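Just follow the structure's listing: the first ligand is 1, and inside any ligand the first atom is 1. Since the model is a prediction, treat every value here as computed from it, not as a measurement.
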Amino acid sequence: MVVGAHRRVIAIDGPAGAGKSTIAKALSARLQMKYLDTGAMYRAITFEAMLRDLDLNDQALITNLAQECDLHVGLDRVIINGHDATTAIRGPEVTGNVSKVAANSGVRTEMRIRQQEWASTYGGGVIEGRDIATVVFPDAVLKVFLTASPEVRAQRRVAQDGGDVAQIAAAIAERDMLDSTRADSPLASSSDSVVVDTSDRAIDDVVDEIERLFLERTT
Ligand code: DC
């Protein structure tokens with residue numbers, strides 16, 4: 001049995017289209033644990049900055065926005081400063097700019113604090129992102145790094161949001177490159193993460209595996 005502050009945090013990291021959201025949501029429903037999509041937090045800050053026409057390269061200005069904002073990321077809704085950003089954060093404008101905001105260290109520090117507070121408030125949860133195992137919850141009881149082949153990831157995004165497979169594949173590759181090479185908490189698997197390739201597997205099968213690992217470690 002693992003004893004620690006984050007016995008009840010399941011960290012799910014991985015690149016875009018690896019199946020993180022689908023699997024993390026299914027897992028949270030199954031285990032009756034809260035779910036947090038940390039990518040939606042970076043997307044919401046990007047949305048609000050664009051709405052205000054702020055210069056995304058002005059690190060201090062965007063950090064200040066992140067620190068001051070009233071942000072609520074729930075299962076069905078993302079609200080920032082009273083604006084319902086649920087749909088807009090998935091659009092191409094936000095998607096095209098979010099890596100810039102996610103590379104801002106001031107923004108990352110603020111989001112990290114909010115994510116840790118969230119877990120304290122709810123006594124843990126299923127938390128998905130890029131740096132959850134490596135930086136935000138290094139003592140999570142279970143760390144999973146989801147991957148899938150680039151073709152499968154592009155096809156999944158097209159099935160979800162529409163678009164052209166070749167274009168989406170190029171956009172995903174660009175975003176992965178930016179997310180993996182940034183200086184502050186880049187996308188990477190933790191040495192103690194369980195790496196799961198979801199390319200040829202059914203959702204339920206992957207959820208079963210993660211559930212089993214979690215129960216083994218906590219009961
Ligand atoms: O998972 P997503 O596509 O919604 O993530 C949006 C962006 O935010 C993506 O470019 C990576 C970044 N991100 C991050 O840097 N750290 C996280 N914990 C989650 C997302």
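The residue among R182, R175, M41 with a heavy atom at the shortest distance from atom 9 (C) of ligand 1 is R175. Evaluated by nearest non-hydrogen atom to atom 7 (C) of ligand 1, the leading choice among V98, I45, I89 is V98.
Atom 16 (N) of ligand 1 has as its closest protein heavy atom R108 NH2, 3.0 Å. For atom 10 (O) of ligand 1, the nearest protein heavy atom (residue, atom name, distance) is D179 OD2, 3.0 Å. The protein heavy-atom contact nearest to atom 19 (C) of ligand 1 is T38 OG1, 3.4 Å. Distance from atom 20 (C) of ligand 1 to its nearest protein heavy atom, with residue and atom name: G39 CA, 3.5 Å. When only non-hydrogen protein atoms are considered, atom 4 (O) of ligand 1 lies nearest to R43 NE, 2.7 Å. Distance from atom 12 (C) of ligand 1 to its nearest protein heavy atom, with residue and atom name: A102 CB, 3.8 Å. Among protein heavy atoms, the minimum distance from atom 17 (C) of ligand 1 is reached at R130 N, 3.4 Å.
For ligand 1 and S99, the ligand atoms under 4.0 Å from any heavy atom of the residue are 10 (O).
With hydrogens and angles left out, the side-chain atoms of R175 and S99 include no donor and acceptor closer than 3.5 Å. In summary, the side chains of S105 and D184 do present a donor paired with an acceptor at a separation below 3.5 Å, with no hydrogens or angles considered. Between the side chains of T95 and R90, no donor-acceptor pair of N or O atoms lies under 3.5 Å. At a cut-off of 3.5 Å, with distance as the only test, no side-chain donor of S199 or R156 sits close to an acceptor on the other residue.
Evaluation of the side-chain contact (heavy atoms from CB on, under 4.5 Å) rule for S193 yields A133, K143, F145, S190 as partners, not counting sequence neighbours.
Using a cutoff of 4.0 Å between basic side-chain nitrogens and carboxylate oxygens, R201 and E209 are scored as salt-bridged. In summary, R108 and D131 engage in a salt bridge, as defined by a charged side-chain N under 4.0 Å from a carboxylate O.
Among pairs with a residue in residues 58-68, those fulfilling side-chain hydrogen bond (donor to acceptor under 3.5 Å, both in side chains) read T63-N104, at least two apart in sequence or across chains.
Not one N or O of D37 is nearer than 3.5 Å to an N or O of ligand 1, by distance alone.
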